[in-house]
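To start, the structure itself, in structure tokens.
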Amino acid sequence: MRSMLAIAACLLILNGSMVMAVDLDKLPNLGDMANKPLLDNVNKSLADQQIKDGQFEFKTGKAEFAAGNEKRVSRLMKILTENSKSLKTAFPKLHVVAEGHTDAEGSAAANQKLSVARAKTVCAALKAKGMKLPCTATGVGSSKPLISPEKTAADKQRNRRVLVQLAK
């Protein structure tokens with residue numbers, strides 16, 4: 001009986017040591033887990049606002065805003081600033097990502113360059129309104145269309161966009 005107790009005790013000790021061998025650095029940060037729903041909700045609010053307001057409008061073939069984007073910028077800024085302090089505490093590398101898209105007109109290289117330039121214009125507009133978070137401008141040219149093939153001018157307009165989201 002004593003030998004069975006000794007064996008059971010050894011098994012418990014061995015099992016306990018396996019549990020203790022977990023790499024604690026690879027476990028998720030509880031603060032990140034608690035704030036992930038907030039980050040997801042803020043990004044959903046940003047997406048909803050961009051759908052509601054419509055896309056940023058640019059002069060044809062340029063990265064220069066067309067008239068009428070002031071309200072779009074202001075409304076996005078309101079969402080970005082409402083929760084940025086708590087999110088920045090939870091996610092120290094929190095930043096804004098502006099992803100530019102173009103229609104299919106022109107060469108792939110020109111569209112790539114234009115999509116990045118338009119995303120930079122949006123970042124600059126947000127910064128000019130007082131945004132403190134870093135903003136990363138990326139472009140995908142015409143590689144991720146909402147509508148394909150583009151049959152009408154309205155289809156092309158829908159594909160020309162800059163999406164603004166938060167990233168950690």
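Fair warning: this is a prediction, and the values are worked out from it, not measured in the lab.
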Distance, nearest 0.5 Å, that separates CZ of R160 from CG of L114 = 9.5 Å
query = Does K129 reach the side chain of E70, with side-chain heavy atoms less than 4.5 Å apart?
reply = yes
task = Can you measure from CG (N83) to OG (S45) and round to the nearest 0.5 angstrom?
result = 8.0 Å
Path from L94 to L163 over hydrophobic side-chain contacts below 4.5 Å = no
Return all side-chain donor-acceptor pairs below 3.5 angstrom for residues 115-128, not counting sequence neighbours, or 'none' if the list is empty.
residue	atom	partner	partner atom	Å
S115	OG	N111	O	3.2
S115	OG	Q112	O	2.8
S115	OG	V140	N	3.3
S115	OG	G141	N	3.0
R118	NE	K62	O	2.8
R118	NH2	K59	O	3.3
R118	NH2	K62	O	3.1
T121	OG1	A63	O	2.7
T121	OG1	A117	O	3.1
K127	NZ	L133	O	2.7

request  = Report yes if some heavy atom in the side chain of T152 is under 4.5 Å from a heavy atom in the side chain of K156; otherwise report no.
outcome  = no
request  = Indicate yes or no: at least one non-hydrogen side-chain atom of L38 is less than 4.5 angstrom from one of L87.
outcome  = yes
task = Determine, for D48 against K52, whether the closest basic-nitrogen to carboxylate-oxygen distance falls under 4.0 angstrom.
result = no
ask   = Any sub-3.5 Å donor-acceptor pair from Q165's side-chain atoms to L46's backbone N or O?
value = no
inquiry  = Does any part of the side chain of K144, heavy atoms only, come nearer than 4.5 Å to the side chain of H101, both counted from C-beta?
reply    = yes
query = Taking C-beta and beyond as the side chain, do V164 and Q49 meet within less than 4.5 Å on heavy atoms?
reply = no
query = Does the side chain of F91 reach to within under 4.5 Å of the side chain of L166, using non-hydrogen atoms?
reply = no
ask   = When you measure from the side chain of R72 to the backbone N and O of Q55, does any donor-acceptor pair fall under 3.5 Å?
value = yes
query = Considering residues, nucleotides and ligands other than R158, do more than 12 of their heavy atoms fall under 6.0 Å from its CZ?
reply = no
request  = For K168 and L39, work out which heavy atoms get closest and say how close.
outcome  = CD-CD2, 4.1 Å
inquiry  = Between R75 and D53, does any NZ, NE, NH1 or NH2 come within less than 4.0 Å of an OD or OE carboxylate oxygen?
reply    = yes
Gap separating the CD1 atom of I79 from the OG atom of S74, nearest 0.5 angstrom = 11.5 Å
inquiry  = Using side-chain heavy atoms (C-beta onward) and a distance below 4.5 Å, is F58 in contact with V162?
reply    = yes
query = Does any N or O in the side chain of N69 come within less than 3.5 Å of the main-chain N or O of E57, such that one atom is a donor and the other an acceptor?
reply = yes
task = List the steps and the verdict of side-chain contact (heavy atoms from CB on, under 4.5 Å) for M131 and L76.
result = CA-CA 10 Å; M131 183 178 71; L76 289 180; over 6 Å; no
Donor-acceptor contact below 3.5 Å, side chain N159 vs main chain I147 = yes
Side chain to side chain, H95 and C135, heavy atoms closer than 4.5 Å = no
inquiry  = If you compare all heavy atoms of V97 against all heavy atoms of A167, which two are closest, and at what distance to 0.1 Å?
reply    = CG2-CB, 3.8 Å
key: side-chain contact (heavy atoms from CB on, under 4.5 Å) partner of D103, chosen from Q157, E150, R161   = E150
